Each structure stands twice: as C-alpha cells, then as structure tokens.
Amino acid sequence: MNTKTKKTYYILVAFTIFMFSFSYMLVPLYDLFCDITGLNGKTNKVKAIVIEEPSERFIKIKFVSNVAQSAPVKFYPIEKEMTVQIGKIYNTKYLITNTSKTNMITTASPSVVPGEMSQYFRKIECFCFNHQEIKSNETKELGVQFMIDTEIPNDADSLILSYTMFDITEKNINKKVSLK
Amino acid sequence: MSANLEHAEHHQPSGIMRWITTTNHKDIGTLYLFFSLLMFFIGGLMALVIRAELFEPGLQLVVPGFFNQMTTMHALIMIFGAVMPAFVGLANWQVPLMIGAPDMALPRLNNWSFWILPFAFTMMISTLFFEGGGPAAGWTLYPPLSLQGGNSMPFVIFSIHLLGLSSILGAINIIATILNMRAPGMTLMKMPMFVWTWLITAFLLIAAMPVLAGAITMLLTDRFFGTSFFTASGGGDPVLFQHIFWFFGHPEVYILILPAFGIISTILPTFSRKPLFGYDSMVYATASIALLSFIVWAHHMFTVGMPLAGELFFMFATMLIAVPTGVKVFNWVATMWRGSMTFETPMLFSIAFIVLFTIGGLSGLMLAIVPADFQYHDTYFVVAHFHYVLVPGAIFAIIAAVYYWLPKWTGKMYDEFLGKIHFWLTTIFVNVTFFPMHFVGLAGMPRRIPDYAVQFTDFNAIASVGAFGFGFAQVLFLYILYKALKDDVTVGEKAWDGAQGLEWTLSSPPPYHSFETPPKVE
C-alpha cells in the first residue's frame, strides 16, 4: 500500500466505526425525539407535579390490560373506565393473578393513547417497570395514582392507559433468591 | 487463457489453491460472480417453494413455519448472496479495467472480502437444518417476533455480521481503488458511469452496513445479555428497531440498484452508437439519489404510528427521489433517441430494464403516498413493487452486464440466438409472475402468509406458473454460459463495435496482469 491508499483506508475504517457507533447514538436520539413529540406514548417523564386548583373539565379514562406472549397470568383493571376531573388526584387498581403452578416475576410497561397526550397523564404512583414477585395462585393488587394535567388541550375527551404485563421469571431466576 | 498459464508457471499456485490464495482482481471477480450465480439458484429454489405453496389456497406442500423460513431466507440470500456479490464481482472485474489500474488497491483485503462469504452463507443456510428451523421472522428481523425465534437467531445474526464485514471491506477497497489508482489524465468527471455509480454505492455501503450491524447487535444483546433496546418489558421500544433498521434499509435498496444504473448507462451508448446523453446530470442525479436515501427511511413504516408532520416529511422526501430518478430515465431514453440502435442480448435486457424498472418506480410512488400506503402496507402490492425494481431492475442489469462483458472476460462469444430466447422467456415470465401481484395486493392479499382467501386464486396460480417459467429460463442461462465457456477464443479487442472505454483497448481475454504501465487518457 502506498501512503495515499493507506490514508484513504484509515479514513474509511474510521468512518465505518463512526457509523457503527452512530447506530447506538440513534437510541438516545430516538428517546429524545419521542420525549419532545410524545411519539411512542411513554409516560415516564420526570416533571414536578404541582397540585393546582382542579379545573371544571372532566375527561374519560379507559384502562386496558394486555398480557405479553400468553404468560400464565390473569391481569385486569378493577375499573374499566373512570370519568375524572382534570387536575384532581385519583386512585385505581389493577389485579394480577398467577395462574401457573410456579412462582413468577412479572413487570409491566405502560402506554398512553393518543401518544401526544401522554405528557399530560401524570402518574404519581405506578407499578410500571417494578418487578412483582407473585407466588403460584396468588393475587396481588397493583395501585396507580394519577392526575390529568390542567394544561391538557380542550379537544381531548378521552385517554387510554394501557399496561402490558410481561413474564420475566426466566431472565431474573438467577438474581432472586426468594424464588428458590 | 495462455496468459494465465504463463503466469502460473512463475509463482501462482495451481488448482484450488489458486482460487483460495488469489489476490488478482480478475480471479476474485470471477469467484464473486460464480458464488452469486449459485446463491441466485438457491434463493430461486426457495422462491419456487413459496410459489408452489401459493399455487392454490389452503396448505398443501409445506407447513406455515417452513413457509415463513422460506420467505425470510429467500430475501436474505437474494439480497446479500445474489445481488450484492454479483455487483461486487462486476466491480472487481471492471473497475480496474475501466480506470486503467493494474489491480485493486488492497488485493489481500479483496481476497478476504470474498472468502468470508461462503462461510457466512454456510452458517446461515445450515440453520434450516436446526431443530426449530431457520429464521422465520422476515428478513427485516423485527422484534419482538425475531427475539422469540429458535436457536437459529444468533447464527443468522452472526452471519449477517460477516456479510456486512465482507461488503464493507469490499466497499473500502473499491473507494481506495477509484480515488487513488486512476490512470493519469482520468479525472473524476471522465470516469465511466459504472465506476461513478460504484463509487457512490461504496460510500452508501460503509455508511449503511455498520448501522445494520449495530441494530442486529442490539437484538443479540436484548436476547442474550439482558439489555432492553427493543424489549418493552425493560422499557425498550420495538419501533426503535424499525427506525434503525430502515435507516440502513433504505440506503440498502439503492446499494442494490445504483450499480445497475451504471451498467445500463454503459450498455445503452454502445448499442445506440452515441455517447451517453447528459453525463454530468447522470453523475449528479446518482449522488442526489444517494443523499436522499438517508432521509426517507420511515416510508417503510408509515403505519407504525407517527406524528402527522413526520408522515408528511417522509412522504414528500420520498417523492423527491422521483426527480433524480426521472432525470436518469429521460437521459437513457435520450441516449437511444436517433441512435443507430441494434438489439443484441445485453441491449435487450437494458431496454427491458428501463421499461420494467420504471413500472416498479411508479408503484413506489404510489406507496409513498401516506393515505394510500395505509391500504397497501404489507400487501402483495409491496411485493410486486420491490420485485419489479429488483428482478427486472438489479437482476436484469447483472444479466445484461454478464452478456456484455463475457466476451471481454473470456474472449468467447455467447450464442446470440439462445441469448435472445433467454431474454424473451425471462421478460415474459417476469411479468407473468409479478404483474398479477399488483392486483391481488390492491385487493388486499397480505404478504408472508402461506394461505389466502379463494378470490385471489386465479392471479396466484398465474404468478406461480410465471415463477416456474422464470426459473427454467435461468437454467437456459446456465446452458448459454456453459456453451460459451466451452467455445474457442474468437473475440478481438473490441467485442462490440460501438463500445467505448479502456477495457476495450486490451486483448480478450485481458492479460492476467493488465495495465502494468498505466494507459494515457487524453
């Protein structure tokens, strides 16, 4: 290789490595983009909750539950629907029952539809991404405390809060002593 | 090939070791082309399994799981095994000859780029014999489905890593050759169009392939090392994968077509006996297509749920690509306009390329329209679209290139009559196969499903007949190649009287080491 070719070669290899790292940079970029636009309906945003005077408006909230990959659990909201006053704090619960013969660990991921409204859905307490250990045939209550932000646009008349429950026992079996 | 034998006496190992240890661009080009021919037939057989199953509704021949493995493997093999290595093989043979270089800039790297491929594909195809079978989540490997696959998944991902490595190294080599080894006097704007398109394609490759490598590495760590890039249970987002994948995927489709543009731009002037119309605008159009390809990826995923502004941006950016592509198509037509045209087999394939590729381009424009795409998404209309741009697009260009340069590479002429038969069979059957897919797609038949509703039966039966006809026509292609290679050397320096370029100043076949003293370009 002459020096000119060597130089081209090194520049191109460096560029290749840069592009590989760029694919990883896309992950935080995507999260940032979703934060700004509320694209993927994620609700876990850190913002101080200011208790204000509740507004006079009401909004309908629907609660939805899903179980991923037919995990052996029953998972459903106690209330399917609530009409809530905007700016006021409410409590509700989901119930989860382990229908299998073994103990399991589960976790839930939340989502709000429509995605743009997720920023106004303030969850004060939530079980999302916590690991729940559930013994065989045990039923647990999972509480949600939430408030709808007073800044929510007027054209929103209903929101859907959805949780998808995942069985993550296999991934965590080595970490948790209590299951043995 | 007396030059080869003469050289072999000096220091070249003979027999199989010649091919394993070779660093000669002509040998490596030949290896690439034969490898891609083999993969073309393996991938083709998989397509025939798919079409045989879809000949009538209901499940007849294969179980749905195996059908899904066939659709996945057919795509992976045709993209990474047939089309890309064929283009790299053509670049290996032609780029040094066309720019007056003695060889590629990095010959040992070149040898390695090729020899990674057989190992990668052995590993990928071997997954079909695993318990649980090969990958079945589609070549796009979308999570969460791809994360739930069997044991084949890490093997497929590792073989895609190797394929990516191979094509990145090949691309680095091609750029280094084109930028540093041109004959004196050959400025960038005097380079043949094929060289230009490959230079741009090579840049696309090193920009896009590492992103794919990153995306599938994330899949791998999600599955085995507890990360949560795409697993929703850990806070990841499966849609993120689609964004990263198509950030690679859209430049990839131009990687599969830009060298074809270069081939057509080379063949048309030869048989029209006129220089290429609008050389400069062709170069700029190719470069703009390449740049635009990085800002249109989300048109593959309009239905995933995006803000309206995003949908509109990606729709208009996608439609913008029609402008430089239109420049190319009009330039090709203008090249033929009032030329003294003759219709040898390479020319026939090139003209068919222009007509049929344009049909694929137009259905692409239809798919770019967001509200329409909500209807077309994941239907056979999409299948018809991308097969129109890939089969009569990329594959026709490769076949045309082989017919066009075979006399140069071997000094032997193919049988023109059989070549024309091959052309007509291929062109008729390609349309019989893929045109009805537009209709069933518009009527709502989903892709990647082994069964379908009875109202789609007729068009599916026609498509299946076409697919088998297309397959048999390619067996004729094999025979034509075999017959030509068995023939005697009869071709002089210029196989085609209208051909221009440095490669035609060499003997046919060219000496094993050509342009050891660089030619002068005025």
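Scope of the values below: all heavy atoms of this structure, side chains included, with no hydrogens, waters or symmetry mates. Given the structure is predicted, the values throughout are model-derived calculations rather than measurements.
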Please determine, among Pro107(B), Gly310(B), Pro210(B), the option with the most heavy-atom pairs under 4.5 Å with chain A.
Pro210(B)
Using only non-hydrogen atoms and a strict under-4.5 angstrom cutoff, which residues of residues 12-21 of chain A touch chain B?
Leu12(A), Val13(A), Phe15(A), Thr16(A), Met19(A), Phe20(A)
By a 4.5 Å heavy-atom criterion (distance strictly below it), what part of Phe247(B) contacts chain A: side chain, backbone, both, or neither?
side chain
Contacting moiety of Thr217(B), where chain A heavy atoms sit under 4.5 Å
both
I'd like to know whether the aromatic ring centres of Tyr94(A) and Phe75(A) sit less than 6.0 Å apart in this structure.
yes
Identify which of Ile244(B), Val211(B), Leu240(B) forms the greatest number of heavy-atom pairs closer than 4.5 Å to chain A.
Leu240(B)
Tell me if the centroids of the rings in Tyr254(B) and His250(B) come within less than 6.0 Å of each other.
yes
Aromatic ring proximity Phe314(B)/Trp297(B), centre distance under 6.0 Å:
yes
For each of Leu205(B), Leu109(B), Ile175(B), Val304(B), tally heavy-atom pairs with chain A at distances under 4.5 Å, and name the one with the top tally.
Ile175(B)
Excluding sequence neighbours, so at least two apart, what forms side chain to side chain contact (heavy atoms under 4.5 Å, CB included) with Glu141(A)?
Lys93(A), Leu95(A)
So, the part of Phe22(A) with a heavy atom under 4.5 Å from chain B: the answer is side chain
Any donor and acceptor pair, going by atom type alone, linking the side chain of His25(B) with main-chain N or O of Asn92(B) inside 3.5 Å?
yes
In sequence, state the C-alpha distance, the side-chain angles, and the governing distance for Val88(B) and Ser167(B), and then conclude on side-chain contact (heavy atoms from CB on, under 4.5 Å).
CA-CA 8 Å; Val88(B) 181; Ser167(B) 41; 5.6 Å; no
I want to know whether Phe121(A) and Phe146(A) have ring centres closer than 6.0 Å.
yes
Chain A contact via Ile168(B) - side chain, backbone, both or neither, heavy atoms under 4.5 Å
side chain
Is it the case that more than 12 heavy atoms not belonging to Asn66(A) sit under 6.0 Å from its CG atom?
yes
For the aromatic rings, using the six-membered ring if either is Trp, is the centroid distance between Tyr163(A) and Phe63(A) under 6.0 Å?
no
